[in-house]
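Here's the structure, in structure tokens; my notes come after.
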Amino acid sequence: MDALGPRIKSLRLAAGLNKAALARQVGVSDVTISYWESGTIKQIGHERLVALSQALNCPLAHLLEGEPSRPSPLYLRSTLPLPWQEVAHKGIDLPLELIPEQRWDGDCHLVTPAPDEHFDFLGPLDLAAVAPTEIFRQPGLYLVAEEDTLYLRRVAQDNNGQLTFQRQGQTTTTPYHSGMRLKAKVVALWRSESAT
């Protein structure tokens, strides 16, 4: 944990936060943030570390140990920006055997809902591989932005080739309108056993 201070600063800058903004989110003063970043204060309590990881949108292990050697899920929030746009994050390579029904050859990111966030089709402990795209490629689940809010919707095309959007548990669909933007396609989804 010797490099924790510089790591906090690096993650703060990558998230586009100044010390005051991070301090507000964590519930401390901006002077405390300065002390943590400089290493003047070396001991940070567990609750503050958890709050830091949430404010910086990174897993706690990444905050404590640095860039992981294997991919870590990003917290998915219901507001923009997308989590892989907030933090410098390496995508994952999914073996084609895991996604045989998908036609995908681009970047993927692992996401899970952030604490206190709720999404259709994605439970609190579920994990999804999402591929950034603004283009409809095939029917399935997509992250859709409407204004600055993100939703997970089942997207398909009607008989006229127009996109339709469906919420979980509903049989009716909503037609596309100019305020909707596709942001990512769910190419794989793993459900938590405790959620079933």
Side-chain angles (χ1 to χ4, degrees), residues 11 14-17 21 25 53-59 71-196:
L11 289 166
L17 296 171
Q25 290 185 36
S53 74
Q54 289 177 350
L56 296 169
N57 197 32
C58 73
S72 297
L74 298 169
Y75 281 136
L76 186 60
R77 300 185 190 286
S78 59
T79 55
L80 293 173
L82 297 163
W84 53 89
Q85 293 173 330
E86 285 186 300
V87 186
H89 188 265
K90 297 176 188 164
I92 61 166
D93 292 322
L94 280 180
L96 292 176
E97 299 81 33
L98 284 179
I99 52 171
E101 302 298 316
Q102 302 291 330
R103 295 187 301 261
W104 197 261
D105 58 359
D107 290 339
C108 285
H109 301 278
L110 291 176
V111 298
T112 189
D116 300 323
E117 292 281 359
H118 303 281
F119 290 90
D120 284 355
F121 306 104
L122 191 62
L125 300 175
D126 292 350
L127 187 65
V130 297
T133 186
E134 295 182 356
I135 300 168
F136 177 80
R137 295 186 181 218
Q138 67 187 110
L141 296 178
Y142 284 80
L143 276 173
V144 178
E146 193 169 355
E147 304 285 327
D148 286 334
T149 305
L150 279 176
Y151 302 97
L152 197 56
R153 297 289 185 258
R154 186 168 305 286
V155 181
Q157 284 182 312
D158 65 15
N159 293 336
N160 298 321
Q162 296 297 312
L163 294 182
T164 60
F165 300 82
Q166 185 177 19
R167 294 188 63 166
Q168 184 175 12
Q170 293 189 348
T171 55
T172 58
T173 60
T174 303
Y176 169 82
H177 62 79
S178 62
M180 298 173 140
R181 297 284 181 258
L182 299 179
K183 292 297 183 181
K185 178 159 189 349
V186 175
V187 294
L189 179 62
W190 298 274
R191 301 235 180 253
S192 168
E193 288 185 20
S194 62
T196 57

Heavy-atom check, side chain of [X] versus side chain of [Y], under 4.5 Å:
X: Leu110; Y: Trp190; answer: yes
X: Leu143; Y: Val111; answer: no
X: Asp120; Y: Arg153; answer: yes
X: Gln25; Y: Leu17; answer: yes
X: Thr79; Y: Asp148; answer: no
X: Leu182; Y: Ile135; answer: no
X: Gln85; Y: Pro132; answer: no

Taking all heavy atoms of [X] and all of [Y], pick out the closest pair and write down the distance.
X: Lys185; Y: Pro139; answer: NZ-O, 3.9 Å
X: Pro115; Y: Tyr75; answer: CD-CE2, 3.7 Å
X: Asn57; Y: Leu74; answer: O-CD2, 4.4 Å
X: Pro113; Y: Gly123; answer: CG-O, 3.2 Å
X: Ser192; Y: Asp126; answer: N-OD1, 2.9 Å

Report yes or no: is the cationic atom of Arg167 (NZ for Lys, CZ for Arg) closer than 6.0 Å to the six-membered ring centre of Tyr151, at no more than 45° off its axis?
->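 The answer is no, since Arg167 fails at least one limit relative to Tyr151.
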Using salt bridge (charged side-chain N to carboxylate O under 4.0 Å, His left out) as the criterion, list what pairs up with Arg181, not counting sequence neighbours.
->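 With neighbours one apart ignored, the set is empty.
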Flag yes if more than 12 heavy atoms outside Gln170 fall under 6.0 Å of its CD atom; otherwise flag no.
-> yes
What do the steps show when you test Leu163 against Met180 for side chain to side chain contact (heavy atoms under 4.5 Å, CB included), and what is the final call?
-> CA-CA 10 Å; Leu163 294 182; Met180 298 173 140; over 6 Å; no
Taking only residues two or more places apart in sequence, or in another chain, which ones meet Phe119 in a ring pair (Phe, Tyr, Trp, His ring centres under 6.0 Å)?
->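 With sequence neighbours excluded, Phe119 shows a ring pair (Phe, Tyr, Trp, His ring centres under 6.0 Å) to no residue whatsoever.
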Show your reasoning for whether side chain to side chain contact (heavy atoms under 4.5 Å, CB included) applies to Trp84 and Val130.
-> CA-CA 10 Å; Trp84 53 89; Val130 297; 3.5 Å; yes
Measure centre to centre between the rings of Tyr142 and Phe165, then say whether the value is under 6.0 Å.
->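 For Tyr142 and Phe165, the ring centres are not under 6.0 Å apart.
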Please assess Thr164 against Gln157 for the test side chain to side chain contact (heavy atoms under 4.5 Å, CB included), listing each intermediate value before the final yes or no.
-> CA-CA 6 Å; Thr164 60; Gln157 284 182 312; over 6 Å; no
Just by modelled atom types, is the Gly179 backbone N or O under 3.5 Å from a matching donor or acceptor in the Glu146 side chain?
-> no
Determine yes or no for a side-chain-to-main-chain donor-acceptor pair under 3.5 angstrom, with Asn160 supplying the side chain and Gln162 the backbone.
-> no
